[in-house]
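Because only heavy atoms are used, hydrogens play no part in the values below, and waters and symmetry mates are left out as well, while side chains stay in. A quick note: this is a predicted structure, and the numbers were derived from the prediction, not measured.
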Amino acid sequence: METVFIKDNSSNITYYLIGIKEISPSKTATLTEYPIPEGGYISDHSYRNPDTLNFSMMSDGYNNMKKSYYIDQYGVTTNLSYESLKELFNTWLNNAIQLDIQTVHGQFKNMVLNSISWRENEHDWSRFTPSLVFKETRIATLYTTKVNTLNVQTGADYSTEESTGETSGTETTSASVVGGTLAGVAMGAGIGAAVGSIIPGIGTAVGAGIGAVAGGIIGFFKNVFGG
């Protein structure tokens with residue numbers, strides 16, 4: 001039987017689990033596939049899937065087997081009874097403790113205990129034989145930035161866009177035209193909605209649409225030709 005070394009990253013304690021019967025690690029990657037109009041698929045990306053690690057072990061309720069143990073940060077060694085193992089596994093499972101696991105042929109970092117199962121045999125109640133499944137965790141850090149709101153009219157008027165027309169003393173910046181036009185659209189929509197709610201057959205929504213178009217045209221010509 002093998003020994004597996006597991007470091008608890010929350011406490012920096014290393015556990016030496018003895019009595020490992022079988023270890024089944026898995027490392028896989030996924031290749032993306034997308035259909036194309038001409039038929040068939042293209043595969044242009046590949047990403048690694050979280051690692052998984054399964055193993056089963058045996059612990060004796062008596063002193064017939066060598067005990068698993070752990071070494072704390074002070075170098076003190078403590079044996080683990082099968083009751084202690086059950087409590088330890090439940091803590092890992094319920095609190096999603098991140099673990100670094102070292103087997104004979106591989107190392108697996110940032111693993112969490114995903115499931116634990118066992119069988120109880122009437123012929124040997126003293127033995128605890130759990131099967132454990134670990135899965136790699138992925139952690140991402142999200143940064144957010146708050147953007148201040150800006151009035152449409154103000155934002156357009158103070159835009160850095162400049163007029164490209166001839167300098168005749170009556171030119172205006174394209175930003176001003178945009179701002180004025182948008183303001184005209186908003187005002188016209190409001191007036192049109194009010195009128196449409198009064199006149200039968202037009203309705204608020206239709207009135208708002210007619211008013212928005214009219215207001216936009218008036219605002220555009222007002223900003224371009226003055227008045």
Side-chain angles (χ1 to χ4, degrees), residues 1-34 41-146:
M1 293 186 180
E2 298 181 2
T3 300
V4 169
F5 309 94
I6 300 181
K7 180 184 176 183
D8 185 329
N9 290 324
S10 66
S11 63
N12 288 325
I13 293 177
T14 300
Y15 294 87
Y16 299 80
L17 301 187
I18 297 174
I20 306 300
K21 297 191 298 181
E22 183 178 0
I23 302 175
S24 301
S26 176
K27 292 178 175 286
T28 63
T30 296
L31 187 64
T32 61
E33 293 185 350
Y34 300 97
Y41 291 84
I42 59 172
S43 301
D44 56 355
H45 288 83
S46 176
Y47 58 89
R48 186 176 66 85
N49 298 315
D51 295 338
T52 59
L53 176 66
N54 307 343
F55 67 76
S56 57
M57 63 176 297
M58 181 183 297
S59 178
D60 194 356
Y62 301 105
N63 292 322
N64 299 327
M65 295 178 59
K66 187 177 180 180
K67 301 290 185 183
S68 298
Y69 62 95
Y70 69 88
I71 301 177
D72 62 20
Q73 58 267 37
Y74 303 105
V76 178
T77 300
T78 303
N79 289 332
L80 292 169
S81 64
Y82 83 102
E83 292 93 348
S84 300
L85 278 176
K86 288 191 292 185
E87 183 178 351
L88 177 65
F89 295 155
N90 286 330
T91 299
W92 287 350
L93 180 67
N94 295 332
N95 297 285
I97 302 298
Q98 290 192 15
L99 310 166
D100 294 341
I101 304 176
Q102 178 69 55
T103 66
V104 176
H105 299 291
Q107 185 177 33
F108 304 85
K109 290 185 174 294
N110 298 323
M111 308 292 285
V112 296
L113 182 57
N114 192 47
S115 69
I116 175 173
S117 60
W118 64 89
R119 299 181 63 181
E120 299 182 2
N121 191 326
E122 63 179 346
H123 300 292
D124 197 352
W125 295 113
S126 65
R127 291 192 175 182
F128 178 49
T129 55
S131 296
L132 300 97
V133 178
F134 298 86
K135 190 170 184 177
E136 181 186 11
T137 59
R138 301 281 180 82
I139 301 176
T141 302
L142 177 65
Y143 296 95
T144 60
T145 302
K146 182 178 180 180

For this output row, return yes or no: ring centroids of Trp92 and Tyr15 closer than 6.0 angstrom. yes
Once rounded to the nearest 0.5 Å, what's the spacing between atom [atom1] of [X] and atom [atom2] of [Y]?
X	Y	atom1	atom2	answer
Asn54	Ser117	CG	OG	9.5 Å
Ser10	Leu99	OG	CG	8.0 Å
Tyr70	Thr78	OH	OG1	3.5 Å
Lys86	Phe128	NZ	CZ	6.0 Å
Ile23	His105	CD1	NE2	8.0 Å
Asp44	Tyr34	CG	OH	6.5 Å

Can you find a pair of side-chain heavy atoms, one from Met111 and one from Leu53, that are under 4.5 Å apart? yes
Is any side-chain heavy atom of Thr3 closer than 4.5 Å to one of Val104? no
Please report the shortest heavy-atom distance between [X] and [Y], naming the atom on each side.
X	Y	result
Ser84	Leu80	CB-CD2, 3.9 Å
Pro50	Lys135	CB-CE, 4.2 Å
Leu113	Leu93	O-CD1, 3.2 Å
Ser68	Met57	OG-CE, 3.9 Å

Modelled atom types, side-chain donor and acceptor of Asn49 and Thr30, under 3.5 Å: yes
So for atom CD, which belongs to Gln107, do other residues, nucleotides or ligands contribute more than 12 heavy atoms lying within a distance under 6.0 Å? yes
Would Gln73 and Ile13 count as a side chain to side chain contact (heavy atoms under 4.5 Å, CB included) if you check the C-alpha gap in whole Å, the side-chain angles of each, and the deciding distance to 0.1 Å? CA-CA 6 Å; Gln73 58 267 37; Ile13 293 177; 4.0 Å; yes
Check whether any side-chain N or O of [X] sits under 3.5 Å from a backbone N or O of [Y] as a donor-acceptor pair, and report yes or no.
X	Y	result
Asn95	Ile97	no
Asn9	Asn110	no
Asp8	Asn12	no
Glu83	Glu87	no
Thr103	Val4	no
Ser43	Leu31	no

Sequence neighbours excluded, the answer for side chain to side chain donor-acceptor pair (under 3.5 Å) partners of Asn114 is none
Before giving the answer on side chain to side chain contact (heavy atoms under 4.5 Å, CB included), spell out for Thr137 and Gln98 the whole-Å C-alpha distance, their side-chain angles and the decisive distance to 0.1 Å. CA-CA 8 Å; Thr137 59; Gln98 290 192 15; 3.9 Å; yes
Residues in ring-ring contact (aromatic ring centres under 6.0 Å, His included) contact with Phe55, at least two apart in sequence or another chain: Phe134
Across all chains, not counting sequence neighbours, the salt bridge (charged side-chain N to carboxylate O under 4.0 Å, His left out) partners of Asp51 are Lys27, Arg48
Go through Thr14 and Ile6 one step at a time and tell me if the side chain to side chain contact (heavy atoms under 4.5 Å, CB included) criterion holds. CA-CA 6 Å; Thr14 300; Ile6 300 181; over 6 Å; no
